[in-house]
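Presented below is the structure to which this report refers.
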Amino acid sequence: MHGALSQDKQNVSKADIAAPAEKKRTKLALQLCFFALLLVFGEHLSRNSLLPTLAPRVDGTSHSFAVSAFSVLQRVDQKLCHALGCVNRPVRDFAAWKIISATLSPESAGEGLKSGVNQSLLQVEIQNRLAIAVLPPNLEISLTDAEESEIQSIQISPKEWLPIAWQESHSDFLRTGIPSGEQIQSELPISLPQNAAGYRVRVFYP
């Protein structure tokens, strides 16, 4: 015996097969949208810890793709903040800072012989190399003798080492931080003991 299905029955069979496939595609699309929403709101809720962790360096040491991708993430974050509101917490990150140069030069050797100290000038250039604003650190100058033993440590707060003109143009810097990529040059007078032979400069947060 042999036979053939009618055209109507074939159409019904194809419809029965297509319906589950269409449901699966719809379910998959809904799941993807749900996970996308979770990622978006997860980023928004954890942005104060996530952004500093993901932020690349802007001094050329990070891959250009990472810098571009983070720029896109920042734009999305700004739109979310505009729509949902954000609480921006100040970021402290020791790794953000790069001391480009630090030079200590005497100002008046003759007067130093009379007073027992050398009036010197520390010229330092520092950069925030992260792709986000970071709170300014303290500076520490360690003075050493000829045997490289530390003889004095000088700690300088941001209000002391940041140039006055820069502070006036960034009046809220203690809350908002120093902008990404900003390079700051500062000159600081320092009194050196007579046995000072070397120095080290580092940044730190108290």
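- Of the possible donor and acceptor atoms, one in the side chain of R129 sits under 3.5 Å from a partner among the backbone N and O of A95.
- With sequence neighbours excluded, no residue satisfies ring pair (Phe, Tyr, Trp, His ring centres under 6.0 Å) with F70.
- Under a cut-off of 6.0 angstrom, the local environment of CZ in F204 is crowded, with over 12 non-hydrogen atoms contributed by other residues, nucleotides or ligands.
- A donor and an acceptor atom, one from each side chain of E160 and S157, are located under 3.5 Å apart.
- At a threshold of 4.5 Å between side-chain heavy atoms, the hydrophobic network of Ile, Leu, Val, Met, Phe, Trp and Tyr places I100 and W166 in two separate groups.
- L188 and I164 fall into different hydrophobic clusters, where Ile, Leu, Val, Met, Phe, Trp and Tyr are joined by side-chain heavy atoms under 4.5 Å apart, directly or via other members.
- The closest side-chain donor-acceptor pair between E150 and T144, if any, does not fall under 3.5 angstrom.
- Between the side chains of Q123 and S101, no donor-acceptor pair of N or O atoms lies under 3.5 Å.
- R200 is linked by a side chain to side chain donor-acceptor pair (under 3.5 Å) to nothing, counting only residues two or more places apart in sequence or in another chain.
- Shown here is F65, whose CZ atom has no more than 12 heavy atoms of other residues, nucleotides or ligands within 6.0 Å.
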**Q.** Step-by-step side-chain contact (heavy atoms from CB on, under 4.5 Å) determination, V203 to L139
**A.** CA-CA 5 Å; V203 298; L139 292 183; 3.6 Å; yes
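- The cluster map of Ile, Leu, Val, Met, Phe, Trp and Tyr, joined by side-chain heavy atoms under 4.5 Å apart, puts L130 and V67 in different clusters.
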**Q.** Audit row: E140, I154, side-chain contact (heavy atoms from CB on, under 4.5 Å) steps and yes/no
**A.** CA-CA 6 Å; E140 182 181 68; I154 304 171; over 6 Å; no
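- Rounding to the nearest 0.5 Å gives a distance of 11.5 Å between CD of E182 and CD1 of I126.
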(Q) Test side-chain contact (heavy atoms from CB on, under 4.5 Å) on I132 and S180; report intermediate values, then the result. (A) CA-CA 5 Å; I132 56 173; S180 168; 5.7 Å; no
**Q.** Criterion side-chain contact (heavy atoms from CB on, under 4.5 Å) on L121 and I190, from CA distance to verdict
**A.** CA-CA 6 Å; L121 188 68; I190 294 177; over 6 Å; no
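- In this structure W161 satisfies the side chain to side chain donor-acceptor pair (under 3.5 Å) test with no other residue, sequence neighbours excluded.
- A donor-acceptor pair is defined here as one N or O able to donate and one able to accept, closer than 3.5 Å; such a pair exists between the side chain of N128 and the backbone of I178.
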